Amino acid sequence: MMSGNENILIMLYALGKSFNLSAPKKFDELRKNFDTEIKNSVAVKPSVFNFCVEAPKKFLVYNTLYNSMAKLTPEEFRKLNGEKFCGKDLRQKFLEAGFCVAATIDEHENYRLWRLESQKRREHLSVNITTTLKCNARCPYCYEHGVKHVDFDETKIDALINFIKRYKKDLPVKLNWFGGEPFLNPKIIDAVTKQLGEAGLEYESFAITNGSMITRQLIERKFKKWNLRGIQITLDGTAEQYAKRKAYVDGQRQVFKKILNRIEWLAEADIHVDIRLNIDRQNMKDILDLVYVLQARFDGNKNVVYYPAFVTGVKNKLSDAEKIAFVKEIFRALANPAKMSINDRLYSFPRSLPCMRNDPQSFSVDVYGRVYNCEHLVGRKEKALGTLKRLPEKINEARLNEPLREECTSCIFLPKCMSGCSSNMRTGDAACMIERYMIPAYMEFMCE
Ligand code: SF4
Ligand code: SF4
C-alpha cells in the first residue's frame with residue numbers, strides 16, 4: 001500500500017468540523033483531530049474517489065483525491081467495500097490512506113469546501129502572450145483557423161507591462177510565449193522582457209512552439225535573457241507523417257530530424273522539454289514508432305519527457321476505451337514509464353480549478369492587446385474578457401463561480417480534471433483531461 005496525499009485527507013476531515021484552514025499554525029490540531037477521528041471510526045465507507053482495476057487474483061485501487069494506491073487480494077477488496085467483515089487493523093490502514101472514510105464524512109461536500117479555501121491562495125500570475133498569429137506550419141487541427149495572421153501590436157507593450165504590474169500583486173510571474181509560432185516574432189519577447197527587467201519585475205518564461213525556428217544562437221543568446229525554463233513541442237509522428245501533417249510553408253526540409261536535434265540542444269542548455277504526442281486514429285501506428293525513436297534518443301535525458309494528447313475536432317473520433325487502450329500500448333512500448341510523467345499525474349495536488357479559464361490570476365493576451373480566459377480563443381474579439389487597459393473585475397470574479405457540469409459532480413476523476421477543457425467540448429469532443437485516460441491505462445499496464 002502506498003500512502004498518498006495525507007495532508008488533503010487531514011484537511012478534509014477538518015472541514016467537516018468547520019476548522020479554520022486559513023490559520024496554518026493550527027495544522028497540528030487538524031492532524032490530532034484526524035488521528036482521533038480515524039481511531040474512533042467504527043462505521044466506515046469506501047471513498048467515492050477510489051478507482052479500481054481488476055486483474056486475475058488482485059485488485060489495484062488508486063484514490064484520485066488522496067493519491068494513495070494499493071494492491072489488494074479479492075478478499076481485502078471485498079472488505080474494503082463492506083462486503084465482508086473488516087478487522088480493526090486493516091480498517092485502520094484503509095482509513096489512514098483514505099481508501100475508507102468515516103461514515104459521517106461527505107467527501108464531495110468537503111472537497112468543494114477545500115476548493116473554495118484553495119482558490120483564495122493563488123501562487124503566481126500567469127500570462128500567455130501571443131507574440132504573433134503567424135505560423136510556418138499548417139496543422140489540420142489548428143484552432144486558429146480563420147484568424148488573421150498578424151504580429152503583436154508593439155504599441156500595446158506598455159499596456160501589457162502595466163497589466164502585469166496591476167495583476168501581479170506580490171505573486172511571482174510566469175509568462176508563456178504562444179502563437180501562431182511564437183519564435184517567428186522574437187522581437188516582442190525581447191521588448192517585453194527588457195521592460196520587465198527595467199521595471200525590476202522578476203519572471204520566468206515558457207514557450208509553446210513547433211520548434212522549427214529554434215537555433216543554437218537563440219538558445220545561447222536569448223533564452224537565458226528571457227529566463228526561459230521550459231518548452232512544449234508537438235510531434236505528430238516520425239519524419240514522413242510529421243512532414244505531411246505539419247505541412248510547413250517555408251520550404252524547410254527534414255524538419256523532423258532538425259527538431260530532434262533542437263530538443264537535444266535545449267536539454268543540454270538545461271531547458272525542460274515536454275514533447276506533446278498529438279494522436280488521432282490516422283497516426284496511431286506512427287506514434288508508437290515515434291515513441292521508439294524518442295526512447296532511443298532521449299531515454300536517459302532527464303530534461304526530456306513526453307505526454308499523449310488526443311487531437312480534437314477530427315472526424316472518426318476515438319472512444320474512451322480506445323484512448324485508454326492506446327495509452328496502454330505506449331506504456332508497453334516505453335522502457336521507462338516515468339518518461340510519460342505518470343508520477344506527476346498520479347501524485348499531483350488535487351485541482352481546485354480545471355485550467356486558466358477559471359483562474360482569476362491567469363490570462364491569455366492576443367496580438368491586439370485583448371485578454372481572454374483561454375489560449376484557444378486568441379484573435380477572436382467576441383470571446384475576449386476585455387482588454388489590457390480595461391478588464392471588468394466582475395467578469396474576472398465570475399470565472400471562479402462556473403458550476404460543475406452534471407456528469408462531473410460524481411466523477412471519480414474530478415480531483416485530477418475538475419470538469420476538463422471547454423475548448424475540447426466546443427469541438428464536439430469529450431472535455432476530460434488526459435489523466436482520465438492515462439491513469440486507467442497505467443494501472444491496467446501495472447496489472448499485466
Ligand atoms: S479551456 Fe482547454 S484550451 Fe482553454 S485554457 Fe482550459 S484547458 Fe486550455
Ligand atoms: S470532464 Fe470527464 S474526467 Fe473530467 S470531471 Fe468531467 S467527466 Fe470526469
Side-chain angles (χ1 to χ4, degrees), residues 48-51 62-65 107-108 111-112 115 119 124-130 139 141-145 147 174-180 206-208 232 234 274 276 278 307-313 317-324 327 345-346 348 350-366 370-380 383-385 395-396 398-400 402-443:
V48 293
F49 296 108
N50 286 345
F51 178 72
Y62 168 69
N63 190 289
T64 59
L65 184 58
E107 287 179 286
H108 280 298
Y111 177 34
R112 188 186 70 81
R115 293 198 300 269
Q119 286 161 6
H124 53 259
L125 169 69
S126 166
V127 188
N128 273 5
I129 301 169
T130 315
C139 309
Y141 45 76
C142 182
Y143 48 80
E144 286 174 3
H145 280 308
V147 301
K174 285 190 179 179
L175 304 177
N176 193 21
W177 311 112
F178 188 69
F206 302 83
I208 298 180
Q232 181 200 297
T234 299
D274 267 309
R276 179 183 157 112
N278 260 5
Y307 72 96
F310 292 99
V311 175
T312 56
K317 300 175 196 311
L318 293 164
S319 66
D320 285 358
E322 285 174 313
K323 289 178 185 174
I324 293 170
V327 178
R345 313 280 174 181
L346 287 172
S348 56
R351 287 179 194 254
S352 62
L353 298 166
C355 61
M356 74 179 303
R357 81 170 185 271
N358 295 118
D359 181 351
Q361 285 303 123
S362 198
F363 305 93
S364 276
V365 179
D366 77 3
R370 295 185 204 119
V371 178
Y372 301 80
N373 64 353
C374 167
E375 61 203 24
H376 284 197
L377 301 176
V378 291
R380 301 186 197 280
K383 304 283 184 193
L385 298 176
I395 284 185
N396 209 18
R399 295 166 75 185
L400 270 177
E402 189 186 294
L404 286 178
R405 287 195 321 282
E406 185 58 33
E407 78 255 36
C408 302
T409 52
S410 56
C411 173
I412 289 180
F413 288 93
L414 188 67
K416 299 288 168 201
C417 172
M418 198 38 69
S419 213
C421 169
S422 54
S423 178
N424 286 0
M425 283 192 81
R426 279 194 295 274
T427 58
D429 286 80
C432 312
M433 299 284 197
I434 195 65
E435 284 87 343
R436 166 73 187 81
Y437 311 107
M438 276 182 83
I439 291 172
Y442 184 63
M443 287 173 68

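All heavy atoms count here, side chains included; hydrogens, waters and symmetry mates do not. One-based numbering, in listed order, for ligands and for the atoms of each. What you see is a predicted model; the values in this text were computed from it and never measured.
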Take the angle between the ring planes of Tyr111 and Phe49 and call it parallel below 30°, perpendicular above 60°, tilted in between. perpendicular
Numbering the atoms of ligand 2 from 1, which are under 4.0 Å from a heavy atom of Cys411? 3 (S), 5 (S), 7 (S), 8 (Fe)
Contacting atoms of ligand 2, where contact means under 4.0 angstrom from a heavy atom of Cys432: 1 (S), 2 (Fe), 3 (S)
Keeping [X] on the side-chain end and [Y] on the backbone end, is there a donor-acceptor pair under 3.5 Å?
{"X": "Arg351", "Y": "Lys416", "answer": "yes"}
{"X": "Ser419", "Y": "Cys408", "answer": "no"}
{"X": "Tyr62", "Y": "Leu346", "answer": "yes"}
{"X": "Gln119", "Y": "Ser352", "answer": "yes"}
{"X": "Asp366", "Y": "Gly379", "answer": "yes"}

Using side-chain contact (heavy atoms from CB on, under 4.5 Å) as the criterion, list what pairs up with Leu385, not counting sequence neighbours. Asn373, Leu391, Ile395, Arg399
Polar protein atoms (N, O or S) that approach atom 2 (Fe) of ligand 1 to under 2.8 Å: Cys421 SG
Start with the C-alpha gap between Thr409 and His108, add the side-chain angles, then the distance that decides, and say whether side chain to side chain contact (heavy atoms under 4.5 Å, CB included) holds. CA-CA 8 Å; Thr409 52; His108 280 298; over 6 Å; no
Measure the distance from atom 4 (Fe) of ligand 2 to every protein heavy atom, then report the residue, atom name and distance (to 0.1 Å) of the closest one. Cys417 SG, 2.3 Å
Identify, for atom 6 (Fe) of ligand 2, the protein heavy atom at the shortest distance, and state residue, atom and that distance. Cys408 SG, 2.3 Å
Applying a 4.0 Å heavy-atom criterion (strictly less than), which segment of Ser419 is in contact with ligand 2: side chain, backbone, both, or neither? backbone
Proximity of Arg405 to ligand 2 by residue part, where a heavy atom lies under 4.0 Å: side chain
Taking only non-hydrogen atoms of Glu435, do any sit less than 4.0 angstrom from ligand 2? no
cation_pi(Arg345, Tyr307) dist<6.0 Å, angle<=45: yes
